[in-house]
S.K.: 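Quick one: this structure, given as structure tokens, is what I'll be asking you about.
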There are 2 protein chains.
Amino acid sequence: MKTLRLTSNDRAVLLASRFFARLPRATAEAILDGTIVSTHEEHDILFRQDEPVDHVFFVLSGLIRLYRLGKDGREADIAVFPKGEIFGENAMFLDHRATANAQAAEPLIVARLESRKLRQLAAENTDVAQALIELLCHHGKMTEDCLAEDRLLTAPQRVASYILSHCPDGLSSFSFRLPFQKNVLAGKLGLAPEALSRAFSMLRQSGVTVKGRVIEIRDRQALERF
Amino acid sequence: MKTLRLTSNDRAVLLASRFFARLPRATAEAILDGTIVSTHEEHDILFRQDEPVDHVFFVLSGLIRLYRLGKDGREADIAVFPKGEIFGENAMFLDHRATANAQAAEPLIVARLESRKLRQLAAENTDVAQALIELLCHHGKMTEDCLAEDRLLTAPQRVASYILSHCPDGLSSFSFRLPFQKNVLAGKLGLAPEALSRAFSMLRQSGVTVKGRVIEIRDRQALERF
DNA sequence: CATGCGGATTGACCCTAATCAAATAATTTT
DNA sequence: AAAATTATTTGATTAGGGTCAATCCGCATG
């Protein structure tokens with residue numbers, strides 16, 4: 001891990017993100033004051049479950065994976081965040097302890113906002129509080145969606161649902177590139193990699209073609225029915 | 001469903017709850033102004049997924065079950081809230097649309113706080129915003145826990161974990177009464193009722209006795225090891 | 001006390017996905 | 001481009017739970 005200062009480009013990216021965009025410029029700058037940047041290699045751990053965390057993180061590039069560990073060492077993914085997303089914000093209000101482990105799922109650059117300061121600002125400034133509320137709601141809903149999918153859908157259905165979530169409305173056929181390794185996708189969907197692979201081959205009969213990271217859909221309806 | 005006015009006892013219960021206790025009295029009263037109470041029979045639906053909700057709910061008595069529906073009509077429980085808990089708060093920040101269905105899991109009385117007003121107060125008042133932030137964090141963590149348990153634990157382990165969560169630290173043997181039907185517990189743990197039953201009988205060999213709703217634990221260690 | 005009902009348990013069976021092992025791609029390194 | 005890693009796929013097997021059906025139990029009711 002190397003730590004750097006915030007470049008002006010980083011700053012611009014941060015300010016354009018959903019979280020900061022809603023805030024008055026001065027407020028956003030106040031939050032960013034003191035923010036540093038760190039770079040990590042794939043597999044680096046940023047923080048561990050139940051340990052203290054002093055930052056809220058913003059992904060500038062790369063991918064982060066939040067997961068919990070079972071007694072037997074197995075890992076359960078809680079969430080995966082790509083560039084532009086914030087994570088670790090809930091620790092701020094839970095005694096500054098992480099609820100999960102955070103691991104770089106590919107080479108990663110994050111901005112580290114000082115969590116104590118951010119918490120303080122949220123306590124004084126309703127705009128900041130509001131932004132945090134929406135962030136927490138959004139993340140909460142994501143987890144809820146995940147839980148519901150786990151309980152309601154089979155592996156191929158979860159994969160179909162994932163694919164559809166990337167399909168713009170109205171199109172009946174389209175293609176896109178997976179934003180990360182199948183490995184990571186499997187974890188995110190709560191599947192072993194083998195199960196993901198088999199799910200894809202199930203979906204072939206519904207017009208899904210997989211070539212490397214590129215997914216092609218011939219028939220949206222068929223996928224929705226699955 | 002019948003609707004009533006808030007009794008002074010209801011009001012006292014509300015003000016003593018975790019959410020309101022942190023707020024200045026006047027602020028709490030402002031939130032409660034306009035609050036009404038409704039009673040529901042078991043199985044009544046309070047709101048449905050994706051439909052508009054205009055309240056945030058506080059359980060005065062009984063039990064509520066939040067669940068999502070699958071395409072095939074199967075139900076997946078997202079959370080179960082007993083007396084004293086608040087639910088439906090996330091809809092406030094998601095265009096006033098519920099993320100799940102809410103059903104009374106037993107005869108139920110809830111206080112209905114006007115969500116638009118509460119949202120407005122949160123936007124003006126940092127105390128209110130703070131209280132909401134902590135509520136959202138708490139609920140978010142609950143969902144996260146649930147997701148992790150689903151992915152990491154077998155049925156007997158989930159049941160063991162549930163039992164342990166009711167065991168005061170330090171005690172090695174104790175007993176308690178399930179706060180709801182096994183039916184509901186099964187749903188909350190993401191199990192079919194049959195699987196819950198079988199899990200209990202697995203746990204017999206680790207010193208767990210089940211008589212009706214009463215659970216008795218002989219050996220805490222054994223349960224933790226499971 | 002007999003009856004009926006709903007919840008809970010048990011048994012039988014099946015299906016899904018995890019696991020382990022091996023074979024193939026894909027990438028990276030040399 | 002060959003070698004060496006690192007992903008991904010495929011096959012075989014197994015464990016964990018879901019589902020369905022039958023039975024049992026506890027409790028309320030007449």
Side-chain angles (χ1 to χ4, degrees), chain A residues 41-43 63 65 67 70-77 104-107 146 149-162 177-205 208-215 226, chain B residues 41-43 63 65 67 70-77 105-107 149-162 177-205 208-215 226:
Chain A
E41 320 211 336
E42 188 169 352
H43 300 134
L63 202 67
R65 186 171 78 90
Y67 64 97
K71 279 202 296 264
D72 52 0
R74 276 178 26 255
E75 303 180 349
D77 285 30
E106 49 182 67
C146 209
E149 293 211 339
D150 269 26
R151 290 185 172 181
L152 290 172
L153 305 183
T154 66
Q157 289 174 325
R158 303 216 279 270
V159 176
S161 158
Y162 175 81
R177 200 180 145 75
L178 289 177
F180 32 67
Q181 283 191 317
K182 297 211 179 92
N183 218 350
V184 176
L185 177 57
K188 178 180 155 72
L189 298 178
L191 297 173
E194 295 94 325
L196 175 64
S197 192
R198 280 186 249 269
F200 273 132
S201 76
M202 278 271 95
L203 293 178
R204 244 198 313 263
Q205 70 192 50
V208 174
T209 319
V210 179
K211 273 212 281 293
R213 275 203 189 178
V214 177
I215 312 288
F226 204 95
Chain B
E41 321 210 335
E42 188 170 349
H43 301 133
L63 201 68
R65 186 172 80 89
Y67 65 97
K71 280 202 295 266
D72 53 359
R74 275 179 26 257
E75 303 181 348
D77 285 30
E106 49 181 69
E149 294 212 337
D150 269 25
R151 290 184 171 180
L152 289 172
L153 305 184
T154 66
Q157 289 173 324
R158 302 216 280 268
V159 176
S161 159
Y162 175 80
R177 200 182 145 75
L178 289 177
F180 34 65
Q181 284 190 315
K182 298 213 178 92
N183 219 348
V184 177
L185 178 57
K188 178 180 155 71
L189 298 178
L191 298 173
E194 295 94 326
L196 176 63
S197 194
R198 280 186 250 269
F200 273 132
S201 75
M202 279 271 96
L203 293 178
R204 244 198 314 263
Q205 69 193 51
V208 174
T209 319
V210 179
K211 272 213 281 296
R213 273 201 190 180
V214 178
I215 312 288
F226 205 95

S.K.: Which heavy-atom pair separates B:L203 from B:A160 by the least distance, and what is that distance?
M.R.: CD1-N, 3.9 Å
S.K.: Within the 4.5 Å heavy-atom criterion, are A:F226 and A:V159 side-chain neighbours or not?
M.R.: no
S.K.: In Å, rounded to the nearest 0.5 Å, how long is the span from CD of A:E41 to CD of A:E106?
M.R.: 13.5 Å
S.K.: Do A:M202 and A:T154 have side chains that approach each other closer than 4.5 Å (heavy atoms only, starting at C-beta)?
M.R.: no
S.K.: What nucleotide among D:dG16, D:dG18, C:dA17 has an atom nearest to a side-chain atom of A:T154?
M.R.: C:dA17
S.K.: Rounded to the nearest Å, what distance is computed from the CD atom of residue A:E75 to the P atom of nucleotide C:dA18?
M.R.: 15 Å
S.K.: Select base, sugar-phosphate, or nothing to describe what A:R74 touches, counting heavy atoms under 4.0 Å on all strands.
M.R.: sugar-phosphate
S.K.: Let me know the distance between CD of B:E42 and P of C:dG6, rounded to the nearest Å.
M.R.: 12 Å
S.K.: Could you grab the distance from atom CG of A:L196 to atom CG of A:L185, nearest 0.5 Å is fine?
M.R.: 5.0 Å
S.K.: May I have the distance from B:D150 (atom CG) to D:dG16 (atom C1'), rounded to whole angstrom?
M.R.: 13 Å
S.K.: Could you give the CG-to-P distance, from B:L189 to D:dG16, as a whole number of Å?
M.R.: 17 Å
S.K.: Where along nucleotides 22-30 of chain C does protein come under 4.0 Å, by heavy atom, of base (B) or sugar-phosphate alone (S), with - for untouched nucleotides?
M.R.: ---------
S.K.: For A:L153 and for B:P193, locate the closest nucleotide of DNA chain C by heavy-atom distance; then report the residue assigned to the nucleotide nearer the 5' terminus.
M.R.: B:P193
S.K.: Under 4.0 Å, counting only non-hydrogen atoms across every strand here, what does B:Q181 touch: a base, just sugar-phosphate, or nothing?
M.R.: sugar-phosphate
S.K.: Between atom CZ in B:R213 and atom C1' in C:dA8, what is the gap in whole Å?
M.R.: 12 Å
S.K.: Calculate, to the nearest 0.5 Å, the distance between atoms CG and CD belonging to A:D72 and B:Q157 respectively.
M.R.: 7.5 Å
S.K.: Let's see if you can work this out: which of C:dA17, C:dC20, D:dG17 has an atom nearest to the side-chain heavy atoms of A:E194?
M.R.: C:dC20
S.K.: Is it the case that the side chain of B:R177 and the backbone of B:R213 share a donor-acceptor pair, with hydrogens and angles ignored and the cut-off at 3.5 Å?
M.R.: no
S.K.: For a quick test of reading the model, state the closest non-hydrogen atom pair linking A:R65 to A:D77 and the distance between them.
M.R.: NH1-OD1, 2.5 Å
S.K.: Does some side-chain heavy atom of B:K71 sit less than 4.5 Å from a side-chain heavy atom of A:L153?
M.R.: no
S.K.: Picking from C:dT9, D:dT19, D:dT9, which would you name as closest to the side chain of B:A192?
M.R.: D:dT19
S.K.: Between B:D72 (CG) and D:dG18 (C1'), how many Å, whole number?
M.R.: 12 Å
S.K.: Round to a whole Å and report the spacing from CG of A:L191 to P of D:dA7.
M.R.: 19 Å
S.K.: For DNA chain C, which residues in residues 197-204 of chain A have a heavy atom at a distance below 4.0 Å?
M.R.: A:R198
S.K.: Provide, to the nearest angstrom, the distance between the CZ atom belonging to B:R151 and the C1' atom belonging to C:dT16.
M.R.: 16 Å
S.K.: Using a heavy-atom cut-off of under 4.0 Å over every strand shown, decide if A:L196 touches base, sugar-phosphate, or nothing.
M.R.: nothing
S.K.: Taking B:R74 for the side chain and A:R151 for the main chain, is one N or O donor matched with an acceptor at less than 3.5 Å?
M.R.: yes
